[in-house]
Amino acid sequence: MEGFLELAPATALLPLISFIVILAFGRQLPMQGAIPGVVATFISLVLSVVVFIVVGQGYTYNEDIYTWVAGDEVIELSFGILIDPLSSLMLVIVALIAFLVHLFSVGYMNLDEGHAERGGLPRYYASLGLFTFSMLAFVLANNLLMAFIFFELVGLCSYLLIGFWFTDKAPPSAAKKAFLVTRFGDYFFLIGTVAVLATFGTAAFAGSDSFPVIAQDIIAGDISETAIETFGFEASTWFTIVGLLILGGVVGKSAQFPLHTWLPDAMEGPTPVSALIHAATMVAAGVYLVARMFGFYAISPTALAIIAFVGAFTALFAATMGVVKDDIKQVLAYSTISQYGYIMLGLGVGGFVAGTFHLMNHAFFKALLFLGAGSVIVMTHHQQDMWKLGGLKDRAPITYWTFLAGALALAGIIPFSGFWSKDEILYDALAVGLETPILLVAYAMALLAVFFTGFYTFRMVMLTFHGEPRSEYAESPDPVGWQIQLPLVVLGVLAVVAGFVNMVPVEKLTGLEIAYLYQWLDQAWLEQPIPETAAGTYSALVAQELPSADPNVLLPALIALALALGGALLAYRLYSDPEPQRHVDELGSVGHVVEHNYYQDEFQVWLAQGVTARVARVADIFDQGVIDGLVNASSSISLFSSEHLKRIQTGVVTNYATLLLIGFLLILLGFGIYGGWF
């Protein structure tokens, strides 16, 4: 069985092969390159499931496959494969979403005249294959440097796909914004990666020589601090600094405050791309990295607390903006920012299982919602403004019911998947907050965000599907093909049942010898326990079983459920109104500020033009006037001196003899004056 794990690299290589084939022969292939991508991702999905099953039997795999730099006196850099419960679960998630997105794209891009006429389909499918390869390779990476390389490649692919319709004005601008904002965070990630290599001499995620394990041993006192380089800091302080540097890349990629502004603009790309970015690739990469490095982060309560606060604030902040958006994809974009905030909160309070659980559930229901929005866009002739929709409930029943399943999961309504994972995060946050009161603020922000989530989710459902059609596009929508409906049905089922894997023994569902998801993930992030002195109360929350009959679990869940239902019912009441627009107008200036995203984009433009550009100009003047001025002055003196001195090189012997005599006399005169001869 263990030999099947060696097939894992093929899950990533197959989409890469499809990328090469489509790039070379896409225009000559049927459906302009769609088929190689669909076939490759389907086989990757099958292989990922095989790997998942083998890992369920207790096998893991961690091997270097290529040594990049080797030597006794330098740091060894290599590429390798790490297969454990966490990576095998993520492989299945990425491969499944990628396959469904490829299949959906056939109906969305190829068979829809409005998209097909715009051309570039081989370029689209090639980029989609490269995107899938990049994320799968990132998941398989067994060291931080390899992860950084594919982390950057994921960013490049998102740039290509967000700006796919480059002949329009908005997509290229959105692509550049996504690229630049995420690069800002990645600078910190790069410095953090170098710091890890300089500190530990390795960047391996797991194994006896990995930096998480070494760090834990130092904290526990099993290894002297002199064995590593901490650059004058205490070991615990230095580990916190390194962790926060790497967190910069996470904040950028996973669109957390304040580097979240790129994600709403990224909706300019094709809708299937949005589903892939939000559910399983670009945005998921950041939080997956935190989960992958959880053994390292768990030794720094300070780093975990910062992660928790960033996540909780982002969850609430983004949710408030989602309540006023008119574009259905914009609502889902802010929803993604908010939900990844919940995942960050879960990981930040030590809830490794809860955070990973919500990462899985969110991938399913968010891909469903984006693909459902794509179905609406296709059938209404590319209409995304919810105020021009309505009345689609009976006209598109499959899209409606599957979209509703995703909405109920997003809002956290029992028994849909989002309820179980979101409430486990809230429970972990409350449990830590009771022992560390400052973290109660994070819990309160996340709890308040539940109400806004319920509201904006069902506002979106009501405006899009209920009431009377508010435009000719919604009155007579076009039918959609099975390529669009099948992915919706598959994801709709997962939105309903996926949450049960952490409350129903997995063995009953799959035959694997694993009881619950928390046991599946237990110790996936670490090969030895965290020292209690280092992790404090956080370690008690890792992989713990939460008994459903405990009133301490039930009461917080009921409160969160009541808030979600309250938000949903308020949206239902307000937007059942024949003239729902008046409720938006009643928000007045507050609504205007929120609708403009609290003027964050304007602030960033002012910061770039009014501060950064001016500082850059001053620095440029100093650089050219002082730094370059000194260098140029010294070179000018040299040039001037050489220009005049070279004139004595006449080639006439008598001239040289005269100069020698004059020089000798000057030397004698100098000795005479300073030597007391005169």
Side-chain angles (χ1 to χ4, degrees), residues 97 100-101 103-105 107-109 112 114-115 161-162 164-165 171 174 263-280 283 322-323 325-339 362-393 395-411 418 453 456-466 469-471 473-474 477-481 483-492 494-495 571 575:
I97 301 300
L100 294 177
V101 166
L103 183 61
F104 185 93
S105 295
Y108 187 86
M109 300 292 289
D112 181 69
H115 289 114
L161 286 165
I162 293 169
F164 173 70
W165 285 312
L263 192 58
D265 289 21
M267 298 304 95
E268 295 294 339
T271 303
V273 171
S274 299
L276 194 59
I277 288 175
H278 289 242
V283 191
V323 303
K325 296 303 173 184
D326 300 331
D327 187 315
I328 187 172
K329 290 177 66 176
Q330 287 276 319
V331 176
L332 293 175
Y334 283 102
S335 167
T336 296
I337 298 171
S338 180
Q339 293 302 304
H362 178 265
F364 298 146
F365 67 69
K366 185 51 59 68
L368 169 61
L369 290 170
F370 266 109
L371 296 184
S375 177
V376 169
I377 291 168
V378 167
M379 68 176 63
T380 58
H381 302 276
H382 317 295
Q383 188 55 249
Q384 297 178 203
D385 188 344
M386 295 185 296
W387 294 105
K388 296 180 181 179
L389 298 174
L392 295 175
K393 176 177 178 293
R395 294 171 173 82
I398 293 179
T399 299
Y400 171 71
W401 289 108
T402 54
F403 193 93
L404 182 62
L408 290 166
L410 170 60
T453 303
Y456 71 65
T457 300
F458 278 87
R459 173 182 179 269
M460 175 176 60
V461 172
M462 296 300 297
L463 288 177
T464 304
F465 293 98
H466 287 258
R470 291 182 292 276
S471 71
Y473 309 108
D478 294 336
V480 293
Q483 299 93 338
I484 287 179
Q485 293 179 348
L486 180 59
L488 295 179
V489 172
V490 172
L491 292 170
L494 289 172
Y575 292 94

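Count residues from 1 along the sequence.
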[X]: which residues meet the ring-ring contact (aromatic ring centres under 6.0 Å, His included) condition with it, sequence neighbours left out?
{"X": "F465", "value": "Y400, F403"}
{"X": "F364", "value": "none"}
{"X": "H278", "value": "F370"}

Review point. How would you list, by chain and number, every residue that makes a side chain to side chain contact (heavy atoms under 4.5 Å, CB included) with D385, sequence neighbours excluded?
Key: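 Side chain to side chain contact (heavy atoms under 4.5 Å, CB included) list for D385, sorted by chain: D326, Q383, W387, K388.
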**Study point:** Partner set under side chain to side chain contact (heavy atoms under 4.5 Å, CB included) for A367, not counting sequence neighbours
**Key:**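 A367: side chain to side chain contact (heavy atoms under 4.5 Å, CB included) contacts with I97, A279, L491.
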Over all atoms of both residues, closest heavy-atom pair of [X] and [Y]:
{"X": "A405", "Y": "G492", "value": "CB-O, 4.1 Å"}
{"X": "L369", "Y": "A407", "value": "CD2-N, 3.6 Å"}
{"X": "L371", "Y": "P487", "value": "CD1-CB, 4.1 Å"}

Review point. Taking it one step at a time, do Q339 and F365 satisfy side-chain contact (heavy atoms from CB on, under 4.5 Å)?
Key: CA-CA 11 Å; Q339 293 302 304; F365 67 69; 4.2 Å; yes
Just by distance, do the side chain of [X] and the backbone of [Y] share a donor-acceptor pair under 3.5 Å?
{"X": "R470", "Y": "L463", "answer": "yes"}
{"X": "T457", "Y": "T453", "answer": "yes"}
{"X": "R459", "Y": "Y575", "answer": "no"}

Check your understanding: Residues two or more places apart in sequence or in another chain: which of them pass side-chain hydrogen bond (donor to acceptor under 3.5 Å, both in side chains) with K325?
Key ->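 Listed in chain order: N597.
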Point to revise | Which residues share a side-chain hydrogen bond (donor to acceptor under 3.5 Å, both in side chains) with Q330, sequence neighbours left out | key: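 For Q330, no residue satisfies side-chain hydrogen bond (donor to acceptor under 3.5 Å, both in side chains) once neighbours in sequence are set aside.
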Check your understanding: Roughly how far, to the nearest 0.5 Å, is CD1 of I398 from CG of L486?
Key -> 10.0 Å
N/O donor-acceptor pairs under 3.5 Å from side chains in residues 263-271, not counting sequence neighbours:
residue: D265; atom: OD2; partner: K177; partner atom: NZ; Å: 3.2
residue: T271; atom: OG1; partner: Y108; partner atom: OH; Å: 2.9
residue: T271; atom: OG1; partner: K329; partner atom: NZ; Å: 3.2

**Study point:** Pairs where residues 365-381 contributes a residue and the test salt bridge (Lys or Arg N to Asp or Glu O under 4.0 Å) is met, not counting sequence neighbours
**Key:** none
Result block: side-chain N/O donor-acceptor pairs under 3.5 angstrom for residues 374-381, not counting sequence neighbours:
residue: S375; atom: OG; partner: T399; partner atom: OG1; Å: 2.8
residue: T380; atom: OG1; partner: V376; partner atom: O; Å: 2.6
residue: H381; atom: NE2; partner: D478; partner atom: OD2; Å: 3.1

